[in-house]
Every structure is written in structure tokens, then in C-alpha cells.
Amino acid sequence: MAPMHIVIWVVEGTWEGCVDAARRHFPSDSRFTLLHVTPLEVAEAADAATAGLFGRGFPGRKPHRRYDDIADEEASSLLAAAAARVGHPDAEVLSRRGRVEREVIHAVADGVDVLVVARDGDHARLGPKSLGHATRFVVDHAPCAVLLVWPDETPGIESIPTPKHGPPPPPPPHEWRG
Amino acid sequence: MPSPLAETLAVLLLIATLGCAIVRPRGLPEAVVAVPAAGLLLVLGVLPLGQAGAEAGSLGPTIGFLAAVLVLANLCDRYGLFEAAGSWMAAGSRGRPVSLLALVFAAASVVTAVLSLDATVVLLTPVVFATVARLHLRTKPHVYACTHLANSASLLLPVSNLTNLLAFGASGLSFARFGATMALPWLAAIGVEWLVLRRFFASDLVGRGDAREVTPLPVPVFVTTVVGLTLAGFFVTSAFNVSPAFAALGGALVLAVPAVVRRRTTLQELAISIDLPFLAFVLALGLVVKAISLHGLGSAVAHLVPGGSGLGSLLVIAVVAAVLANVINNLPAALLLLPAVSGAGAGPVLAVLIGVNTGPNLTYVGSLATLLWRRILIRRGEELPISEFLRLGAITVPPVLVATTLALWISLRVMG
């Protein structure tokens, strides 16, 4: 049987959990690919803010490094850290730039068995919403199986607050004795 | 020239001036159309020389002030102030994204207030972007915070925004009184932005950056001291009825001389950072708008905005100013609206500022006109996912407008 192809979606802040889950859940002879996507809109927002200033963009300044260059450099260093954590000599790395959710979907469209995705946001409790916009799109649209993991420790079931208007809590045990 | 014809000509020239400023054909400075437009209005007598002289006389000190602040901010960058601030934010946050966002909020609010929104957009934002990216955290909340606060935190001082400088001349307020009145609205704007952004980006404020390898850079003592003294100088000069522009000029000179001697910068770079073409553009734009105001549109605008300082009037003024700023950019909006309300006291003038300063966050480029042009340019390449940014604008601007106007109303009542 051919080894499984596992794509690990590396996102800032949650990637370690994905890598660890992939190591835990899949055989070590699987083919691992680490994928990072740089969103287009952050650099655009930063660049475009100067357009609102009309021409007064401090013309005398030597241009700082472009946002895209910094983003590329940090994406490479993040992927290198993720590859080291996978600990697999043949792990591939893929760095893309674009609309994040679409790039991820396209990257797993062909011959991928499982995409490993982390939940977003505050993960001290279960729910109520643990998927950001891009993650939700990917989970909804992924053309392969998805392993959805908590980025670090999985919160306990008691972290779900009891509903205010839900069914009443079970009566205390002593009432049952009588 | 009959008034309707004169008015039509002046409006057409304003459209041409703004169009050139937005499109920047071949990267030419905005002044290329603005200055001839103002000249034409003078030659044809649409704008009488006396009126033009008066307008230039009142805009002159404002433009000088702007030039000094631009040079000051540029020198702060050359002395490494922003780079140091980036290292302090990274170390102070210990890699926690929410703490980092709080520090970015503090830095962007202070830099905008003291060194103007230009400094935040052009000098601080790249540093914030690199700082967050290096911690391997998601950059979006922090970068969007910078671009938003550059507008909404530009309410505090006359130097914070070019629109404030324009209003400052007309308001008759002292520097200290301006700051004292706008302190509460400024805090209200920052508070609302915090509440909204913190929730809006909850899913992106995640993880823990490795801040162990970040060493906070030493405080650049000289530049920090000079900026502090310059800030104090704004209040002192104004208290003695001297233009605070001299404090800015003094600060810029004190920083510039050693910077040139030690080759942190060059005379040529300093000269360019004054941005003469832009200053000429502001002056010419002011003259074109003056011509429009003289021939009827001024009184039309005056009818559009109420003159009172009641909460309702202030809200209407702020909303009208925000809408106008979004249509034609905040600079011409301020030039058009300020004369209409300047007779009515400080309240309406400051309400105009609330609208023209915080309103541009509705689009992420300052005005609809600029946004449309940018879309046309970008349409050729890949389409950008900016709907999130527009959604953020739509949910922040209305509450910011209401909260800051309410704060202004309270401020005015407390200050008497």
C-alpha cells in the first residue's frame, strides 16, 4: 500500500499542535507536506493606508523593505521550524501567497489523504466558535479528509457552560434515596 | 465672471485637482494640477487677490507647522525610535498576542497623537508588521489596528492630523485647550476600537510567540528627550501666543544638526522630507476650495450643517463630515466644512474633526474615490480579499462616531 500523503497546514500561533497531531496519528512512513499561505490583504492594507495620505509618504526616506519580503522571509523560517518539529527527513515544504482559504483547498486537491488543521482563537474552553473565517472555509470545502485538532491541550468537557434555559440539571443524589 | 459660471469652473478645477491627487498620473506630484488650477482662478478673477492673500496668510503657518512635523517624524525614524519601539513591544508582550495588540494600540495612539497619523502609517506600521511576523504570530490584527488608529487616534492634538492643524488655526483654541477638550473623545475612540478589534480578531489572536530571543533595544535618550521637550514646547509656545510651529521647528533643528553631522541623514534627504510639492498642493487646494466657498457653495454647506453645540447638532455635523470625507478624502472635506462652522465656536469645529478624522476608516484607503481607483488598478491582477477590512470599517466607524461625539459633548460641558 502506498504511504499516506498528509498535508499539515502551518498557521502562525497554532502550527505546533498540527505537527504534533500529525506525528501522533499517522505512521512515520507517511509522506508529510507542510503548507503555509501568506494572506494578500495584510500587506495591501498597510500599503494602501499611504494612498489615503495623498502624496505625503515621507518621500525622502529610503524605502524600507517591502511588506512582501518580510512576509516571505518569516514564512520560510516558520516552515523550517515546522519541518524540524516533524522530524522527518523527507518532509516537503510549500509556501504560497494569496487568498488563504483558496490556496489551501487547491494545495490538497490532488492525491492528498488527510489535511491537518488547527482550531483558531481562544482555546481555553470548548466552543462556542473555534474556527476563523479561513479555517471554516477550508473545513467546509476540503476535497479530502480533515483532521481538526486543538492547538495545545484539549479543553475538558466541563468548559462548556451549562445552558441558561436548557433542561434542568439532574437532581442531587440524596433525593433519589428517599 | 458671473457667479454660476465661476462656481462651475471652480468645482471642475477642484475635481481635476482631486482626480490628479488620487490617480497621480506617471507618479507626478499632486501640485502639478493643483497649482495651475489655483493660478487660473486667480487670473480669471474668480478668486479675488485679497481673499487669496487672506487664505494663504491663514494657511501659511499651518503648512509650515506640517513641514516641521514631517521632518521631526522622519528624524525620529533616523534615530531608531520606531525600531526601538518594535523591540519594546515584542519583549513587553512576552510573545502573547493580546498583550502585543495592547502595546501596538498604545504605540499607535501615542505616535499618531504626537507625531501625526503620517508617522504611524509610514513609519510605525512597517515596524509593527515585522515585529509581529518575527514572533511568528498572525499580523492581521496588529496591522489593521495601526491603520485604524492612525485615523481614529488622530483626534488628540493639533499636530496629530493635518485636518486638526487646519481647524486649529480657525478654532481660536490654545494648544492646551484643544488637547484637553479632545482628550476624552480620543480615549473614547481608542476604547471603542479596542473593544471591536479584540472581538473581531479573536480567532487570530492565538498562540504564543517566542520572545526569548528578543532583546529590547536601549532607549534612544537624545531623540526621546527632544520629542518630549518639543511636545512640552507646543503647550508653552501656545500659552504665550506664539505659534507652536516654532516648537516643532526647534525640535526638528535640534535633531537635524547632529543627525547630519553624524551622517544619520543627509541635507538632501531632509530637504526632500519637507515635501515641498505636497505643501504647495495643500495651499493650492485651499485656494480652490476658497473660490468654491465664495461663489455660493459655502453658504450651501453652511445650510447643510447645524451651528449649535447641542449633542444632536454635534452628531449631525460629525456624520456629515464623515460622509463627505469618505466621498472626496478628508482634506478637502475639512477645507470645505471648517469655514462653515468656524463662526459657531469650538464645538462644531471639533465635531467636524471627529467626522473627517475617524470617518475614513470606512474604506481602508481614505476615501471612496481612492478606493475605486485602487480597485481599477488592481483589477488587472488578482482580486484582493478586502471585504473583511470593509466589514471592520462598517462595524467600527458608527460606534466610534457616536462615542467620540458624546465624549466631545461631555468635554465641552465640563470645560465650560
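Note: hydrogens, waters and symmetry copies are ignored here, and every other heavy atom, side chains too, is used. Order of the sequence lines sets the chain letters (A, B, ...), proteins ahead of strands, with each chain counted from 1. A quick note: this is a predicted structure, and the numbers were derived from the prediction, not measured.
Contact between Thr147(B) and Ala46(A) at its shortest, heavy atoms only, is CG2-CA, 4.4 Å.
In terms of non-hydrogen atom pairs under 4.5 Å with chain A, the most contact-rich of Pro360(B), Gly207(B), Ala31(B) is Gly207(B). For the options Ala45(A), Gly132(A), Pro39(A), heavy-atom pairs under 4.5 Å to chain B are most numerous at Ala45(A). Counting heavy-atom pairs under 4.5 Å between each of Pro151(A), Ala75(A), Ala81(A), Gly121(A) and chain B puts Gly121(A) at the top.
The distance from the CD atom of Glu16(A) to the NE2 atom of His136(B) is 10.0 Å, given to the nearest 0.5 Å. Lys129(A) NZ to Ser203(B) OG: the interatomic distance, rounded to the nearest 0.5 Å, is 10.5 Å. Within the model, atoms CD of Glu12(A) and CG of Leu135(B) stand 11.0 Å from one another, a figure rounded to the nearest 0.5 Å. Residue Glu41(A) holds its CD atom at 4.5 Å from OH of Tyr144(B), rounded to the nearest 0.5 Å.
The parts of Ala130(B) that come within reach of chain A are both its backbone and its side chain, each placing non-hydrogen atoms under 4.5 angstrom from that chain. Heavy atoms of Gln268(B) lying under 4.5 Å from chain A are absent altogether. For Ser77(A), the parts sitting under 4.5 Å from any heavy atom of chain B are the backbone and the side chain alike.
A 6.0 Å sphere centred on CG of Asp29(A) holds more than 12 heavy atoms belonging to other residues, nucleotides or ligands. Atom CZ of Arg208(B) has more than 12 neighbouring heavy atoms from other residues, nucleotides or ligands inside a 6.0 Å radius.
Using a 4.5 Å cut-off on side-chain heavy atoms (C-beta onward), Tyr67(A) and Thr125(B) make contact.
Comment: Arg138(B) engages Asp120(A) in a salt bridge, judged by a side-chain N to carboxylate O separation of less than 4.0 angstrom.
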